Amino acid sequence: MVEKGRGSIINTSSFAYLGDYGGTGYAAGKGAVTSLTLAIAAELKEYGVRANVVCPGAKTRLSSGLAYEARILELYRRQLLDEAVMRSSLDAPPAEYAAPLYEFLASDLAADITGEIYIAAGGFVGRFERPTPTVVGYRDHQDAPPWTAEELRQLITGRRSGRSNTAG
């Protein structure tokens with residue numbers, strides 16, 4: 001692809017890469033696929049090679065059956081899934097609803113699209129925004145000491161320690 005100056009890599013991940021619920025090995029694996037694809041996109045962009053991720057929401061042998069349904073209902077009961085995700089997980093559309101997104105990303109119609117994470121599930125197509133850090137505090141390391149645990153607590157939680165230094 002690099003030699004030809006063009007190409008499209010489309011890897012399949014899952015929104016489970018967000019790590020929102022259960023299946024830590026699955027979430028870690030999908031996170032690795034997603035991160036690898038984003039790194040490939042950055043490294044190969046200058047050569048005209050695109051790399052994107054699709055997180056399909058589709059019924060498969062892994063997302064059907066009594067054990068799967070019990071797992072989804074248990075995650076919902078534990079409040080690890082909201083009602084919308086629970087319902088869509090139990091009524092996943094067939095894979096042919098995700099296929100057009102792959103076709104589009106592989107085509108020349110998507111020639112300028114790289115380093116993106118998409119989800120396709122039934123009539124829904126979405127794009128995940130890339131995470132960016134939010135500064136919660138800053139100090140110049142050239143003339144300030146490292147943060148203390150209490151300072152970090154205040155920065156991150158916005159609360160001061162509730163401990164009292166006086167004996168009661």
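On a predicted model such as this, the values are computed, not experimentally measured, just so you know.
- Judged as a salt bridge (charged side-chain N to carboxylate O under 4.0 Å, His left out), the pairs with a partner in residues 75-90 (not counting sequence neighbours) are, in order, E74-R77, E83-R87.
- Both I119 and I117 are part of a single hydrophobic cluster, where members link through side-chain heavy atoms under 4.5 Å apart.
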Discussion item. Walk me through whether M86 and L73 qualify under side chain to side chain contact (heavy atoms under 4.5 Å, CB included).
Written reply: CA-CA 7 Å; M86 181 265 303; L73 292 171; 4.0 Å; yes
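- Contact between S8 and L105 at its shortest, heavy atoms only, is OG-O, 3.1 Å.
- Under a 4.5 Å side-chain heavy-atom cut-off, the cluster of Ile, Leu, Val, Met, Phe, Trp and Tyr residues that includes V33 has no other member.
- Listed for the S14 side chain is no donor-acceptor partner under 3.5 Å among the backbone atoms of P56.
- Here V49 is tied into one hydrophobic group with M1, V2, I9, L36, I40, L44, Y47, each link being a pair of ILVMFWY side chains closer than 4.5 Å.
- Among residues at least two apart or in separate chains, there is no salt bridge (charged side-chain N to carboxylate O under 4.0 Å, His left out) pair with a member in residues 28-57.
- Rounding to the nearest 0.5 Å places CG of N11 at 3.5 Å from OG1 of T37.
- For the salt bridge (charged side-chain N to carboxylate O under 4.0 Å, His left out) test, residues two or more places apart in sequence or in another chain that qualify with E151 are R139.
- For the side-chain contact (heavy atoms from CB on, under 4.5 Å) test, residues two or more places apart in sequence or in another chain that qualify with L109 are F104, S107.
- Residues passing the side-chain contact (heavy atoms from CB on, under 4.5 Å) test with S63 are K59, T60, Y68, sequence neighbours excluded.
- Take R61 and apply the salt bridge (charged side-chain N to carboxylate O under 4.0 Å, His left out) test, not counting sequence neighbours, and it matches no residue.
- Taking all atoms of both residues into account, the shortest heavy-atom contact from R153 to T157 is O-OG1, 2.6 Å.
- Annotation for A27 and A16: closest pair CB-O, 3.2 Å, computed over non-hydrogen atoms.
- Considering all non-hydrogen atoms of both residues, A121 and P93 come closest at C-CG, 3.8 Å.
- T12 meets the side-chain hydrogen bond (donor to acceptor under 3.5 Å, both in side chains) test with Y102; sequence neighbours excluded.
- Contact record, A41 with A51: CB-O, 3.5 Å, taken as the closest heavy-atom pair.
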- [ ] Just do the side chain to side chain contact (heavy atoms under 4.5 Å, CB included) check on C55 and V53 with the steps written out, would you?
- [x] CA-CA 7 Å; C55 301; V53 178; 4.2 Å; yes
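- Take D112 and apply the salt bridge (charged side-chain N to carboxylate O under 4.0 Å, His left out) test, not counting sequence neighbours, and it matches no residue.
- Counting heavy atoms from C-beta outward, R6 and D108 have side chains that approach closer than 4.5 Å.
- Criterion: ILVMFWY side-chain heavy atoms under 4.5 Å apart, direct or through other members. Under it, Y76 and L18 are part of a common hydrophobic cluster.
- Contact record, N52 with G115: OD1-N, 3.2 Å, taken as the closest heavy-atom pair.
- Hydrophobic clustering (side-chain heavy atoms under 4.5 Å, transitive across Ile, Leu, Val, Met, Phe, Trp, Tyr) groups F15 together with L81.
- Summarising the geometry, atom CG belonging to D140 is positioned 4.5 Å from atom CG belonging to D143; distances are rounded to the nearest 0.5 Å.
- The ring pair (Phe, Tyr, Trp, His ring centres under 6.0 Å) analysis of residues 117-142, with sequence neighbours excluded, yields the pairs Y17-F128.
- For T34, the side-chain hydrogen bond (donor to acceptor under 3.5 Å, both in side chains) test picks out S13, with sequence neighbours left out.
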